[in-house]
Undergrad: 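One structure is given below, represented as structure tokens, and several questions about it will come after.
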Amino acid sequence: MTGLGYNPPIRRTPPDMNYIEPKAHLADLFRQAVAAVAPDGTVAIELDRPKQASHGDYACNAAMQLARALKRNPREVAAEIIAALPASERVKKVEIAGPGFINCFLKPIAKQCLVGHVLAQGGDYGRTDGGKGEKVQVEFVSANPTGPLHVGHGRGAAFGASLANCLAFAGHDVYREYYVNDAGRQMDILAVSTWLRYLELNGEFVEFPGNAYQGDYVKRMAEGIYALHGDRYKRAAADVLAGAPDRGEAPEEHLDHLIACAKRLLGPDYAYIHGYALEEQLGDGRNDLTEFGVTFDHWFSERTLHDAGLIDRHVATLQKHGHIYEQDGALWFRSTAFGDEKDRVVKRENGIYTYFAADIAYHLNKFERGFDRVIDVWGADHHGYIPRVKGALKAAGADPERLTVALVQFAVLWEGGQKKSMSTRAGQYVTLRELRGEVGNDACRFFYVLRKSDQHLDFDLDLAKSQSNENPVYYIQYAHARISRVLAAWGGDVRDLHDADPTLLAHTSELALLGRLAEFPEVCAAAAREMAPHLVAYYLKDLAADLHGLYVACQFLVDDEALKQARLALVAATRQTLANGLALLGVSAPDQM
RNA sequence: GCCCUCGUAGCUCAGUGGAUAGAGCAUCCCCCUCCUAAGGGGAGGGUCGCAGGUUCGAUUCCUGCCGUGGGCGCCA
């Protein structure tokens, strides 16, 4: 094919270079045909991509669906539908197959013109508007700021962030929020843990409770306070322990006693210790998440609910509507009236609101802030909590259907073939920061969402540490890097490729890649609709495989200038799509590896 | 006991009311004179937990059973 036999390609003007989404186009044709064949029949037009290439590009099952209503042979109905199909320049042929499928074969041009479309869309390729600007709040992570984030939180972070990205890409107006539990007993325990360590630095030794926070970060906070304020918060150990219940027999009461003593002995200074610990841990978590590529529009403080009287107000509202009753000195929400298994306390005998009461106020507040829809990303262990929250929303006159809870199963850590026990208070766990350090942010983000969120995730540390190069994320990133290297070797401007003639793309591998690229918007929309960002991850693996296949099958930098332009345009469009998908998952798209 | 989840190849997991159920890893074989072999091609490997039901059609939906994991606090 060189020398005398070489003929320069003739640049033809294609019939219509404007990209029309093939599926939408076919659906439109079928709607018209079905309306003609069965004016009374209501049947949803479904077009699937057949697994086998011999079954065409799209298959329609409308005939089989209609056959029942019309009480006729599906293949006969199919024949009539085909006869009624309006002509289209983009359809090569349609045929009846099997029990009554209508298989559609597109003309190559219908797929080829996608290349220019992708390049023109750029970072917006894959974006859809099905969300119609609906205001959606996604609340995720929301870990207690009582210590470093661990690998379980990491999964919620990666999932929530990717989900939020997918929703935004699908046309929703997304608001990312972190609920800060800064008002409860756990924070008091952290404050006291810090203070006890601080007392040790001052020579006052109170035996450190086994159920207080054990981690070294607590000691570091104590050192920080000591460095700033010396012995200002020092109190006598004997005073702290005076009258304390036995720590062995009643550890929780013992701890509560210490908390009460700290508040009494420190007076207004207790708020400083509490605040210091809170800010340190919150800052640490924020830092950690930011490095992980996870950011929030707002960090919502639980304490503001108490301070602003929102809990009082919302509980009073429930009370006014007769959903609250008093028993044993406590206030109960009658959640059994809304499908819960038992009623729940909202205000304890000691006058303190429960976490649940704060959560009622928080969720009602979300709707008051004008969100059309609220998504909570929770650990799967909270599933029993859903009925009472939805019940409370209903009782307060809000629509529980507007709250969706996405449950994320725990990531269980394995090392040396053994499950690693995780205890936050004992300080025995692998932190998110450690995990990121071991396997890198990209592999972390990708690995976390490679599984359906409601599926248990076995995180094998040994595998992640020793064989991180086998992680599928590299396979995808490599595809991106390969394209970048080719384009760099070419040395031209990608913008000049927009006008390349895509009709030259006729190789099997090229057509396969074109078909895959066309799926991207639907995949993104499905990921948002089904709250399943793993669909994007799996799609990217398939897309990368198609690219690698083409890479081996076809040389891109060929002598034929027009063909070279066409192929470079195709791979540039592929690179764009890979980058768009990786961005949704918070994974980088490197130009070289 | 009740509620939820999952059960698909040796392992880890995708997937779908449709035609011959897929990928990675593992095993075996092959491919760099060539834009990065972190790549590609091929082989073997399955009663889609079991039993009913709905349907023209069920691995997919429903029910029951068995098994896995989790949850059932005046903790957060």
Side-chain angles (χ1 to χ4, degrees), chain A residues 46 48-52 54-55 59 61 64-65 67-68 73-74 97-101 103 142-144 146 179 181 183-189 252 302 327-332 339-342 344-359 379-387 407 409-410 412 424 450-458 460 463 467-479 481-490 509 532 534-535 537-539 541-542 544-545 547-558 564 567-568 571 592-593:
Chain A
E46 291 175 33
D48 295 321
R49 300 209 61 198
K51 291 166 192 139
Q52 284 185 77
S54 64
H55 291 154
N61 64 0
M64 289 182 289
Q65 303 235 341
R68 195 182 319 167
N73 183 320
F101 290 104
N103 293 338
S142 300
N144 283 345
T146 53
Y179 182 54
N181 301 130
R185 179 168 178 263
Q186 295 304 322
M187 268 310 300
D188 282 325
I189 295 173
E252 295 305 316
E302 178 190 353
Q327 186 182 307
D328 303 330
L331 289 183
W332 297 69
D340 200 5
E341 2 179 274
K342 56 174 285 193
R344 310 290 174 175
V345 171
V346 289
K347 195 172 198 175
R348 301 188 194 102
E349 196 179 356
N350 63 11
I352 296 174
Y353 283 118
T354 59
Y355 178 84
F356 176 47
D359 232 10
D381 56 328
H382 283 62
H383 92 264
Y385 198 72
I386 299 172
L407 294 176
Q409 286 286 354
F410 286 138
V412 179
T424 308
L450 194 52
R451 205 129 294 163
K452 274 187 296 195
S453 60
D454 55 7
Q455 185 84 264
H456 293 270
L457 172 60
D458 286 330
D460 188 331
L463 186 73
Q467 303 182 358
S468 61
N469 280 2
E470 291 179 9
N471 194 300
V473 69
Y474 293 105
Y475 182 79
I476 298 165
Q477 290 182 314
Y478 183 46
R482 268 185 151 177
I483 298 169
S484 289
R485 297 287 284 186
V486 169
L487 292 172
W490 167 58
S509 296
H534 75 279
L535 294 175
Y538 276 89
Y539 169 81
K541 274 168 68 171
D542 290 338
L547 184 279
H548 289 309
L550 176 65
Y551 189 93
V552 169
C554 297
Q555 187 82 9
F556 306 145
L557 300 173
V558 292
K564 178 168 80 180
R567 285 186 173 162
L568 289 175
V571 295
Q592 57 181 330
M593 293 177 72

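Please read these numbers as outputs of a predicted model, since none were measured by experiment. Labels below follow one simple rule: chain letters A, B, ... track the order of the sequence lines, proteins then strands, and each chain is numbered from 1.
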Undergrad: Side chain of A/H548 only, please: which of B/rC13, B/rG70, B/rG40 is the nearest?
TA: B/rG40
Undergrad: Looking at B/rC74, B/rA76, B/rA19, which one has an atom nearest to any side-chain atom of A/V345?
TA: B/rC74
Undergrad: So which protein N/O to nucleotides 53-57 of chain B N/O distances come out below 3.5 Å?
TA:
from	atom 1	to	atom 2	distance (Å)
B/rC56	N4	A/R68	NH2	3.1

Undergrad: Using the side-chain hydrogen bond (donor to acceptor under 3.5 Å, both in side chains) criterion, which residues pair with A/Y353? Sequence neighbours excluded.
TA: A/D312
Undergrad: As a test of reading the structure: which of B/rC13, B/rA76, B/rC3 is closest to the side chain of A/T354, going by heavy atoms?
TA: B/rA76
Undergrad: Using Watson-Crick or G-U wobble geometry with both distances below 3.5 Å, tell me the partner of B/rC32, or none.
TA: none
Undergrad: Which part of the nucleic acid, if any, lies within reach of A/H534 when heavy atoms closer than 4.0 Å are counted: base, sugar-phosphate only, or nothing?
TA: sugar-phosphate
Undergrad: Which base, if any, makes a Watson-Crick or G-U wobble pair with B/rC25, both distances under 3.5 Å?
TA: B/rG10
Undergrad: Quick one: pull up OH in A/Y538 and CZ in A/R451 and give me the separation to the nearest 0.5 Å.
TA: 6.0 Å
Undergrad: Within the pair A/R348 and B/rA76, is there a side-chain N or O less than 4.0 Å away from OP1 or OP2?
TA: yes
Undergrad: Taking the side chain of A/D381 as its heavy atoms from C-beta onward, which of B/rA14, B/rG70, B/rC74 lies nearest to it?
TA: B/rG70
Undergrad: Establish whether the base of B/rA19 is bridged to the side chain of A/N103 by a donor-acceptor pair shorter than 3.5 Å.
TA: yes
Undergrad: If you round to the nearest 0.5 Å, how far is OG1 of A/T354 from CG of A/L331?
TA: 10.0 Å
Undergrad: Which value, in whole Å, describes the distance between the P atoms of nucleotides B/rG15 and B/rG22?
TA: 15 Å
Undergrad: For A/N144, what residues pass the side-chain contact (heavy atoms from CB on, under 4.5 Å) criterion, not counting sequence neighbours?
TA: A/T146, A/N181, A/Q186
Undergrad: Using the P atom as the point on both nucleotides, what is the distance between B/rG17 and B/rG7, in whole Å?
TA: 15 Å
Undergrad: With respect to the phosphate group of B/rC25, does any side-chain polar atom (N or O) of A/Y475 fall under 4.0 Å of OP1 or OP2?
TA: no
Undergrad: What nitrogen or oxygen pairs link the protein and nucleotides 30-35 of chain B at under 3.5 Å?
TA:
from	atom 1	to	atom 2	distance (Å)
B/rC35	O2	A/L557	N	3.3
B/rC35	N3	A/F556	N	3.1
B/rC35	N4	A/Y551	O	2.6
B/rC35	N4	A/C554	O	2.7

Undergrad: If anything within 90° of 0 is syn and all else is anti, what is B/rC32?
TA: syn
Undergrad: Quote, to the nearest angstrom, the C1' distance that separates B/rA14 from B/rG52.
TA: 28 Å
Undergrad: Among the nucleotides B/rA19, B/rC3, B/rC74, which one has an atom lying closest to any side-chain atom of A/H55?
TA: B/rA19
Undergrad: Using the C1' atom in both, what is the distance from B/rC61 to B/rU54, to the nearest Å?
TA: 8 Å
Undergrad: Tell me the partner of B/rG73, counting only Watson-Crick (N1-N3 plus N6-O4 or O6-N4) or G-U wobble (N1-O2 and O6-N3) with both under 3.5 Å; none if nothing fits.
TA: none
Undergrad: Rounded to the nearest 0.5 Å, what separates atom CD in A/Q409 from atom NE2 in A/H383?
TA: 10.0 Å
Undergrad: Kindly confirm whether the side-chain ring of A/F101 is stacked on the base of B/rA19, judged by centres under 5.5 Å and planes under 30°.
TA: yes
Undergrad: Would you state whether a donor and an acceptor, one from the side chain of A/H382 and one from the base of B/rA76, lie under 3.5 Å apart?
TA: yes
Undergrad: Is B/rG52 paired to anything, Watson-Crick or G-U wobble with both distances less than 3.5 Å, and if yes, which nucleotide?
TA: B/rC62
Undergrad: Between N or O atoms, less than 3.5 Å apart, protein on one side and nucleotides 4-9 of chain B on the other: list the pairs.
TA:
from	atom 1	to	atom 2	distance (Å)
B/rU5	O2'	A/D454	O	3.2

Undergrad: Between B/rC31 and B/rU12, how many Å separate the two C1' atoms, rounded to a whole number?
TA: 28 Å
Undergrad: Return the set of residues passing side-chain contact (heavy atoms from CB on, under 4.5 Å) with A/A488 (not counting sequence neighbours), or none when no residue passes.
TA: none
